[in-house]
Number of protein chains: 2
Amino acid sequence: MTQIRKKRPPATPRHAAACAGPLDHLLDPALFKALADPTRASLIACIAKCSRGCSVGEVAECCNVDLSVVSRHLALLARAGVLEAQKQGRTVYYRVRYTDVCRSLRLLADALEECTPASAPKGGACHGKCC
Amino acid sequence: MTQIRKKRPPATPRHAAACAGPLDHLLDPALFKALADPTRASLIACIAKCSRGCSVGEVAECCNVDLSVVSRHLALLARAGVLEAQKQGRTVYYRVRYTDVCRSLRLLADALEECTPASAPKGGACHGKCC
DNA sequence: TCAATACTTGCATTGTGACGCAAATACGCA
DNA sequence: TGCGTATTTGCGTCACAATGCAAGTATTGA
């Protein structure tokens with residue numbers, strides 16, 4: 001038995017593109033697009049620091065954009081899985097999906113780490129985990 | 001001594017915006033903007049899975065966009081701290097900054113978790129760590 | 001020095017996203 | 001039912017980002 005367990009990384013980026021791995025779905029543009037806007041980032045930070053559900057109107061007071069803009073941003077963040085909405089009467093409370101977001105971030109970090117050359121002491125990474 | 005250690009989260013998003021915490025700089029739009037583009041995401045995945053530095057030309061073979069576009073994307077990712085560039089002769093090798101990127105992601109996850117209501121068994125989160 | 005390779009940069013086009021305002025909708029309450 | 005509050009949606013504007021092509025720069029080797 002020569003090299004059954006020992007798996008090497010793809011030789012070229014072209015090969016890498018062909019072999020699917022955890023990174024491919026963890027590196028999700030939809031999630032990061034949601035986090036990429038400065039206004040949205042501050043909205044998330046506000047809600048997160050409050051440790052509770054916040055109404056659209058409340059959140060709108062923490063930044064300088066129109067309430068309608070905040071409403072759209074929060075809806076987008078909910079669709080992206082960063083926030084969750086809960087309607088009570090006529091007000092909508094948005095809260096951070098702490099668990100889900102943290103898990104996504106950590107899984108991505110783990111997947112990236114699996115690809116690190118340093119993670120394989122001798123002769124390349126990718127023990128069949130990175131792709 | 002009544003309530004010196006016990007710190008409560010800000011009452012409203014407006015208050016939350018005023019008190020700076022780790023989240024504010026970890027939730028960095030520049031980083032996430034870099035990760036938000038589908039083309040860039042696939043470039044990162046390709047390079048990461050290769051576990052080595054890849055040239056611009058090599059990377060360009062793994063997606064359907066012009067070489068010049070790939071060149072620009074890689075330069076942008078390097079500026080954002082996701083990749084690092086190393087020039088050898090006339091070819092430029094880009095590799096993933098595994099350590100830095102993983103740390104950023106995990107620090108963000110940690111900071112978010114600090115704000116979770118569940119992280120404080122009794123009466124709210126924010127032990128002075130989230131803001 | 002000339003030519004080929006590897007990449008970068010200028011430029012025009014196109015598309016997408018953020019924003020504000022105004023109008024519309026959804027609820028709760030008198 | 002009618003009003004006020006809370007939020008969403010339609011629409012036009014503006015800015016920026018992605019893309020491809022062509023031209024430019026850098027570096028190696030003949």
With distance as the sole test, does A:Lys49 use its side chain to make a donor-acceptor pair with the main-chain N or O of B:Ala16 at under 3.5 Å?
-> yes
Indicate whether OP1 or OP2 belonging to D:dT19 is found under 4.0 Å from a side-chain N or O atom of B:His73.
-> yes
OP1 or OP2 of D:dA6 under 4.0 Å from side-chain N/O of A:Ser55 | no
Member of B:Val59, B:Leu77, B:Ile47 meeting the side chain to side chain contact (heavy atoms under 4.5 Å, CB included) criterion with B:Tyr94 = B:Ile47
Give the intermediate values and the outcome of salt bridge (charged side-chain N to carboxylate O under 4.0 Å, His left out) for residues A:Asp66 and A:Arg72.
-> CA-CA 10 Å; A:Asp66 195 78; A:Arg72 263 187 269 256; over 6 Å; no
Rounded to whole Å, please give me the gap between [atom1] in [X] and [atom2] in [N].
X       : N      : atom1 : atom2 : value
B:Leu43 : C:dC7  : CG    : C1'   : 15 Å
A:Lys33 : D:dC16 : NZ    : P     : 18 Å
B:Arg79 : C:dT8  : CZ    : P     : 11 Å
A:Tyr93 : D:dT5  : OH    : C1'   : 12 Å
A:Leu74 : C:dA18 : CG    : P     : 13 Å
A:Gln86 : D:dT7  : CD    : C1'   : 16 Å
B:Leu76 : D:dA18 : CG    : C1'   : 11 Å

In this structure, CZ of B:Arg97 is separated from OG1 of A:Thr116 (nearest 0.5 Å) by 13.5 Å
Quick one: CD on A:Gln86 to OG on A:Ser55, what's the gap to the nearest 0.5 Å?
-> 12.5 Å
Contacts of type side chain to side chain contact (heavy atoms under 4.5 Å, CB included), residue B:Ala20, not counting sequence neighbours | B:Asp24
Does the pair B:Glu58 and B:Arg52 meet the rule for a salt bridge (charged side-chain N to carboxylate O under 4.0 Å, His left out), with working shown?
-> CA-CA 12 Å; B:Glu58 266 182 332; B:Arg52 62 171 174 85; 3.1 Å; yes
Joint cluster assignment, B:Leu107 & A:Leu26, ILVMFWY side-chain distance < 4.5 Å | yes
Contact letters for nucleotides 20-30 of chain D, in which S counts primed atoms plus P, OP1 and OP2 and B counts the base, heavy atoms under 4.0 Å | BBB---SBB--
A:Ser71 near the nucleic acid: base, sugar-phosphate alone, or nothing, with a heavy-atom cut-off under 4.0 Å?
-> base
Upstream residue (5' side of DNA chain D) when A:Tyr94 and B:Thr39 are each assigned their closest nucleotide | A:Tyr94
Would you indicate which nucleotide in C:dC7, D:dA18, C:dA18 comes nearest to any side-chain atom of B:Val56?
-> C:dC7
Derivation and outcome, salt bridge (charged side-chain N to carboxylate O under 4.0 Å, His left out), residues B:Arg106 and A:Asp110 | CA-CA 9 Å; B:Arg106 293 203 173 108; A:Asp110 293 344; 2.7 Å; yes
Rounded to 10°, the helix from C:dT1-D:dA30 to C:dA30-D:dT1 deviates from straight, judged by its five-pair end axes, by 20°
